[in-house]
Number of protein chains: 2
Amino acid sequence: MENKTARFEKLLVKNGLKRTGPRLQVLEILSGRDSATSQPYLEQVMGKNADRVTLYRVLQAFEEKGIIHKVLDQQGTANYAICSDGCSAHEHHDEHVHFNCDNCHKIYCLDTVKIPALKVPAGFKVEHLNLIATGLCASCSDKVN
Amino acid sequence: MENKTARFEKLLVKNGLKRTGPRLQVLEILSGRDSATSQPYLEQVMGKNADRVTLYRVLQAFEEKGIIHKVLDQQGTANYAICSDGCSAHEHHDEHVHFNCDNCHKIYCLDTVKIPALKVPAGFKVEHLNLIATGLCASCSDKVN
DNA sequence: ATATAAAAGCAATATAGTTGCATTTAAAAT
DNA sequence: ATTTTAAATGCAACTATATTGCTTTTATAT
Ligand SMILES: [Mn+2]
Ligand SMILES: [Mn+2]
Ligand SMILES: [Zn+2]
Ligand SMILES: [Zn+2]
């Protein structure tokens with residue numbers, strides 16, 4: 001396995017973004033998690049390593065470049081996950097289902113579950129679909145049993 | 001057609017809610033619109049007829065009783081629409097698709113479009129589905145042509 | 001080494017939503 | 001009709017998420 005930080009540095013360069021501390025740290029954090037990460041959580045773990053505003057701008061830049069994608073949870077707060085691949089500044093390909101666990105509140109990207117096509121009333125032109133499922137994640141429904 | 005206000009008053013009584021100005025006004029506003037209505041808009045048109053906090057509490061009470069349902073738009077702000085029917089304090093039946101127009105930003109309840117069932121990975125237990133489509137609504141795609 | 005555009009930091013502001021408590025009021029009881 | 005009371009409203013303070021403008025710092029190209 002190649003050095004992770006080196007990979008991130010390449011990713012930044014490829015997207016015309018400077019290699020900075022806050023950016024590397026955000027990539028580090030997001031890549032180490034199995035579910036989408038909320039802005040508040042990121043802010044907390046970054047602590048004084050970066051200003052709040054810097055964090056917001058890092059997230060915005062990453063989203064624009066197609067490095068991460070945003071998912072709003074049931075409360076409307078932003079959560080971020082690294083894009084699997086094929087996403088770019090010009091187009092995101094994250095039309096997978098997101099699963100919001102009622103118990104642990106994690107948001108999973110169900111990359112394998114595609115959103116089924118939809119029949120809408122005449123005149124409506126669908127551009128994107130955004131499906132959030134709620135319920136119990138695999139780990140939480142285990143514990144309940 | 002029976003008097004609208006009288007209908008609203010019955011609705012409040014049926015749900016054990018007192019017949020008050022702010023509540024009737026919210027029902028009046030919501031029923032007069034063809035799409036979901038945002039909290040900020042409601043706040044604005046209510047003006048000084050009710051305190052912000054009262055509005056929040058009215059909306060919360062209505063949602064709990066199954067009189068209205070909440071839809072978050074792409075920015076995560078709350079929008080409200082009157083439940084078609086069959087909703088109660090114990091269960092909502094609003095699993096229809098919501099359409100968020102990129103142009104006019106209206107949110108339409110597509111009551112006729114049911115959300116297709118979903119195959120999720122083993123272990124996950126789906127409780128609710130929340131599908132938001134974005135694009136152009138019928139009226140806006142007309143204007144563009 | 002120097003120049004420079006990009007990024008970060010800082011302060012102020014905006015907007016959505018919540019909480020606690022005092023006051024008012026709709027509706028029930030008398 | 002009055003009185004009673006639980007429910008609802010209003011007000012003030014507060015929290016959380018997000019944004020904007022401006023200054024300073026810094027990564028990178030020259
Ligand atoms: Mn995702
Ligand atoms: Mn609806
Ligand atoms: Zn869970
Ligand atoms: Zn429209």
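Values in this document were obtained by computation on a predicted structure and should not be read as measured data. Just so we're on the same page: letters track the sequence lines, and every chain starts at 1.
As judged by a 4.0 angstrom heavy-atom cut-off over every strand, A50(A) is placed among residues touching the sugar-phosphate backbone only. The residue A78(A) sits close only to the backbone: its heavy atoms come under 4.0 Å of sugar-phosphate atoms, none of a base. At the heavy-atom level, E43(B) lies nowhere under 4.0 Å from the strands shown.
Taking for each of Q39(B) and V13(B) the nucleotide of DNA chain C with the nearest heavy atom, the 5'-most of the two is the partner of Q39(B). For the pair D51(B) and T77(A), both in contact range of DNA chain D, the more 5′-proximal nearest nucleotide belongs to D51(B).
Near DNA chain D, meaning a heavy atom under 4.0 Å from it, residues 16-37 of chain A has K18(A), R19(A) in order of number.
A straight line from CE of M46(B) to C1' of dG10(D) spans 13 Å, rounded to a whole angstrom. Protein atom OH of Y56(A) is 15 Å distant from nucleotide atom P of dG9(C), rounded to whole Å. Atom NZ of K14(A) and atom C1' of dT28(D) are 20 Å apart (whole Å). Computed from coordinates, the L55(A) CG to dA8(C) P distance equals 10 Å when rounded to whole Å. Between N49(B) atom CG and dA8(D) atom C1' the separation is 16 Å, expressed in whole Å. If you measure from atom CG of N15(A) to atom C1' of dT28(D), you get 17 Å, rounded to the nearest angstrom. Atom CD in E9(A) sits about 13 Å away from atom C1' in dT28(D), given to the nearest Å. Rounding to whole angstrom units, CG of residue L42(B) and P of dG17(C) are separated by 11 Å.
Ring centers of Y80(A) and F62(A): at least 6.0 Å apart, outside the cut-off.
Relative orientation of the F99(B) and Y108(B) rings is tilted, given thresholds of 30° and 60° on the angle between their planes.
When the side chains of ILVMFWY residues are joined at heavy-atom separations under 4.5 Å, either directly or via intervening members, L55(A) and L72(A) end up in two distinct hydrophobic clusters.
Contact of R57(A) with dG9(C) (side chain to base): a donor-acceptor pair of N or O atoms is detected under 3.5 Å.
More than 12 non-hydrogen atoms from other residues, nucleotides or ligands lie less than 6.0 angstrom from NZ of K114(A).
A 4.5 Å side-chain heavy-atom check between L118(B) and P116(A) finds at least one atom pair inside the cut-off. With a 4.5 Å cut-off on side-chain heavy atoms, C137(B) and N103(B) do not count as touching. No side-chain heavy atom of V97(A) sits less than 4.5 Å from a side-chain heavy atom of V120(B). Looking at V71(B) and I132(B), their side chains come closer than 4.5 Å, going by heavy atoms from C-beta outward.
Within the structure, every pair that satisfies the side-chain hydrogen bond (donor to acceptor under 3.5 Å, both in side chains) test and touches residues 19-28 of chain B, not counting sequence neighbours, is listed here: K4(B)-E28(B), E9(B)-R19(B), Q25(B)-N49(B).
Taking five base pairs at each end of the helix from dA1(C)-dT30(D) to dT30(C)-dA1(D), the local helix axes there meet at an angle of 20°, rounded to 10°.
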